[in-house]
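Note that the structure is predicted; figures quoted are calculated from it, not measured.
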Amino acid sequence: MTYPRRIWGLETEYGITCASTTGGTPPIDADDAARLLFQPVVAMGRSSNVFCGNGGRLYLDVGSHPEYATAECDRLSDLLAQDRAGVAMLARLAAEANERLADEGIEGQIHLFRNNLDSSGNSFGCHENYLVRRRPDYKAFVNSLVPFFVTRQILVGAGNVRSVGGRLSLEFSQRSGQVWDALSSATTRSRPIVNTRDEPHADVDRYRRMHVIVGDSNMSESATLLKVAATDLLVSLVEAGHRFRLELTDPMAAIRETSADLTGQVPLEVVDGPRMTPLAIQRHYLDAVVEAYGEGPTPWHAAAIDLWRRGLDAVQSGDHASVATELDWAIKQRLIERYNARPGSHLAGLRRLLLAYHDITGRTLLERLEGDGLVRRLTSPEAVRAAQEVPPATTRATLRGAFVAAAQENRRDYSVDWVHLKLADPGFRTVMLYDPFATEDERVEELLAEVRS
């Protein structure tokens, strides 16, 4: 089966706190910490919502959550580098903010967390975007993938630890308990698996954007790869005419039951059929992908399919060693086991360790685990450094990035979003970029010439 070219993007919200360096009450609250963090961003773009020269977007979301949205990508290697670039950019902002705190004599340290729950139970997300062809049966199209989204957490959940009877119990997902609907146009009031608000950021007659908001924020690049590549292949399969008839009776009950059972064997009620386990549902989708695309249309997809298969085998066997450097929940499980085997281990220390796994500031635990070979890294430091400055070369992002970089370098006032570019000077028309695959445009070249004149 022919594999179509597609655009993807990731948006990740981060938790923020300013911890006291003396062990007391935080010296500033999360709102003030976020404003301090974004001071250089506001100074650069006169806003806390800016597009960067790498084509991505950096902004403060509702609840003072720093957020980074990758540029449009059509290569999985670019998406991973762009996503990691966002981590590096925010970590740098945090380091600079902490220097300003020290200069002002404030005994505090800003920390940013790439997770989905804070200590008060508030949730924030990681959203996936997939460009799809506009179709009259869009809701049916998305509904056919709901069982996949409900159960894929047994592979790509970031791991959630709950206190049960004074002991910590590991589940697959942080996000599963925060979702209340399968499909909805809302994002906070009902928080669905897929947000159906129609914002394609492209030619509205040709495209829609499938906005998936059920996923955990992954630390492991392998889990991010699997999350996006598997979804991409299934979307391509359904767009080509394949129909999945599988339907869960109660997706919201199923998503919570799936998260709580690390064996992957909990029986889930299916409409017009016998109960199926999360493992069986995932194999149902995996088998369809392999039948259509073999071991994958690209090496990156092949790696994802391999991990998909190995992950299911690991969950089914109960032996997680084969994925203990690639899937976040399995990485956390190993951390828990190693910590508990140490003399003097205690619950508070374990909580701090698991939170440190998500901390992207300073010399991080993730980087140490990657350096020791305990977490597999897919990006190179060189690719991540480049992705902080250079947009993907094969999508519309290259046009936006060039415009933003030129306007900033030449100190020209401008406005920009996913689709439009405009110089603020009177008399310049807005350039609309409705084709997310376009990498050349005469109007943009003219605009760049004007910016540099």
Aromatic contact between H358 and F113, with the criterion being ring centroids under 6.0 Å apart: yes or no? no
Taking atom CD as the centre, does E239 end up with more than 12 heavy-atom neighbours from other residues, nucleotides or ligands that are less than 6.0 angstrom away? yes
From CA spacing to verdict: side-chain contact (heavy atoms from CB on, under 4.5 Å), E171, W329: CA-CA 8 Å; E171 297 185 348; W329 63 264; over 6 Å; no
Counting only heavy atoms not in R162 (residues, nucleotides, ligands), do more than 12 fall under 6.0 Å from its CZ? no
Cationic tip of R209 above W8 ring, under 6.0 Å, 45° of axis: no
Mind checking what makes side-chain contact (heavy atoms from CB on, under 4.5 Å) contact with A424, not counting sequence neighbours? D413
Checking D118 side chain against N122 main chain: does a donor-acceptor pair fall under 3.5 Å? yes
Under 6.0 Å from the OH atom of Y207, do we count more than 12 heavy atoms belonging to anything else shown? yes
Would you please name every residue forming a side-chain contact (heavy atoms from CB on, under 4.5 Å) with P297, sequence neighbours left out? Y3, L233, Y293, H301
Side-chain contact, heavy-atom cut-off 4.5 Å: N129 with L10? no
Between R208 and Y130 (side chain of the first, backbone of the second, donor and acceptor by atom type, cut-off under 3.5 Å), is there such a pair? no
What distance do E67 atom CD and L90 atom CG have between them, rounded to the nearest 0.5 Å? 10.0 Å
Under the 3.5 angstrom rule, does the side chain of R256 hit a backbone N or O of V179 as a donor-acceptor pair? yes
Side-chain donor/acceptor of R368 to backbone N/O of R363, under 3.5 Å: yes
So, do T17 and D29 sit near enough that their side-chain heavy atoms are less than 4.5 Å apart? no
Among all residues two or more places apart in sequence or in another chain, which pass the side-chain contact (heavy atoms from CB on, under 4.5 Å) test with Q178? L117, S123, R191
Quick check: are there more than 12 heavy atoms from other residues, nucleotides or ligands sitting under 6.0 Å from CD of E389? no
Classify the side-chain pair T258/Q153 by whether it contains a donor and acceptor separated by less than 3.5 Å. no
Short N-O contact, D32 and R35, less than 4.0 angstrom: yes
Hey, are the side chains of L101 and I110 touching, using non-hydrogen atoms and a 4.5 Å cut-off? yes
According to side-chain contact (heavy atoms from CB on, under 4.5 Å), who are the partners of T361, at least two apart in sequence or on a separate chain? A94, H111, L112, D359
Checking salt bridge (Lys or Arg N to Asp or Glu O under 4.0 Å) for the pair E370/R84: CA distance, chi angles, key distance, verdict? CA-CA 14 Å; E370 288 175 334; R84 188 83 177 227; 2.9 Å; yes
How many angstroms lie between CZ in F124 and CD1 in I16, if you round to the nearest 0.5 Å? 10.5 Å
side-chain contact (heavy atoms from CB on, under 4.5 Å) between H65 and Y14: does it pass, once the steps are laid out? CA-CA 6 Å; H65 287 292; Y14 290 79; over 6 Å; no
Neighbour count >12 (heavy atoms, 6.0 Å) for atom CD, E382: yes
Of all pairs that satisfy salt bridge (Lys or Arg N to Asp or Glu O under 4.0 Å), the ones with a partner from residues 395-404, not counting sequence neighbours: E72-R396, E72-R400
Say whether R152 and T231, considering side chains only, have a donor N or O and an acceptor N or O under 3.5 Å apart. yes
Going by distance alone, is a donor N or O of one side chain under 3.5 Å from an acceptor N or O of the other, for D74 and T395? no
Calculate, to the nearest 0.5 Å, the distance between atoms CD1 and OG belonging to I331 and S222 respectively. 7.5 Å
In terms of side-chain heavy atoms, does N116 have a donor or acceptor partner in S217 at a distance below 3.5 Å? yes
Inter-residue atom distance E128.CD - K227.NZ, 0.5 Å rounding: 5.0 Å
Is a side-chain donor or acceptor of N49 paired with a backbone partner of Y59 at a separation under 3.5 angstrom? no
Quick one: do W308 and Y285 satisfy ring pair (Phe, Tyr, Trp, His ring centres under 6.0 Å)? Show the steps, please. CA-CA 10 Å; W308 194 352; Y285 285 103; 7.9 Å; no
When you measure from the side chain of S259 to the backbone of S173, do you find a donor-acceptor pair of N or O atoms at a distance under 3.5 Å? yes
Residue pairs, two or more places apart or on separate chains, that pass salt bridge (Lys or Arg N to Asp or Glu O under 4.0 Å) and touch residues 323-345: R310-E326, E326-R376
Does the D216 side chain pair with the main chain of N218, one donor and one acceptor, at a distance under 3.5 Å? no
Are Y68 and E13 linked by a side-chain donor-acceptor pair shorter than 3.5 Å? no
Spatial distance of atom CZ (F148) from atom CD (Q282) [nearest 0.5 Å]: 5.5 Å
Answer with yes or no whether the side chains of E367 and T364 bring together a donor and an acceptor at under 3.5 Å. yes
Interatomic spacing from CZ in R377 to OG in S220 - rounded to 0.5 Å: 11.5 Å
D205 backbone acceptor or donor facing D203 side chain under 3.5 Å: yes
Determine yes or no for a side-chain-to-main-chain donor-acceptor pair under 3.5 angstrom, with Q333 supplying the side chain and L170 the backbone. no
pair S415-H420: side-chain heavy atoms closer than 4.5 Å: yes
